[in-house]
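Heads up: the structure comes next, in structure tokens.
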Amino acid sequence: MSGEGLTPPRIISAPSPNHDGPRPRTIGCVLHSTRGGAPTVEQEFHATLAWFADPRSQVSAHAVIAADGTLAQVVDPDLIAWHCRAKNASYLGVELVQPRLGDPITDAQYQTLAWWLMQMARRYGFPLTVETLPEHWETPEGKADGKTDIQPPFDRMKLLKLCAGA
Ligand SMILES: [Zn+2]
């Protein structure tokens, strides 16, 4: 696991009130995409941050990654975000901006996601593997909720290769 060649992204702060206290342990990260259906990826990014900032939504993630690779920090990584029900207590959650199923994931998004996951893996001591990085739709919680994110064209192996510096 290296990832030393990854460039830190532009980072903005977009705090959400939708979280609980400290996570007792961290064993991985659930990978999500936004699927808000906005006309443009820029509108989708801002609509997602507004939704997460609204206490009525009761949802959040630790980070949201825009199509241009900008990373929005939404919930402190030490705290429990509200993204995947029972998984929240032991998994981080990250959202890639992707308005609709099948929309492209940009290279800038892969780069930022790999950079952020490397930081989190070091900080909490979990490996970056297929098993520790479930897509939302693969989890029992996501299946129960009818979630379809992320699915192709998202390519988790491409992400893992970036993390490994391949
Ligand atoms: Zn999701």
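Excluded from the calculations below are hydrogen atoms, water molecules and symmetry mates; all remaining heavy atoms, backbone and side chain alike, are included. Order of appearance sets the numbers: ligands from 1, and atoms from 1 within every ligand.
Under a 4.0 Å N-O distance rule, the pair K147/D145 does not qualify as a salt bridge. Under the 4.0 Å criterion applied to side-chain N and carboxylate O atoms, K158 and D107 are assigned as salt-bridge partners.
Tracing side-chain contacts under 4.5 Å through hydrophobic residues (I, L, V, M, F, W, Y), one never reaches V94 starting from V97; they form parts of separate clusters.
Remark: the T148 side chain and the R35 side chain contain an N/O donor-acceptor pair separated by less than 3.5 Å.
Exactly one residue among R100, Q98, E95, E44 makes a side chain to side chain donor-acceptor pair (under 3.5 Å) with T34. That residue is E44.
Around the Zn ion (ligand 1), the protein contributes the following N, O or S atoms at distances under 2.8 Å: H32 ND1, H136 ND1, D149 OD2.
The closest side-chain heavy-atom distance from S16 to V75 is below 4.5 Å.
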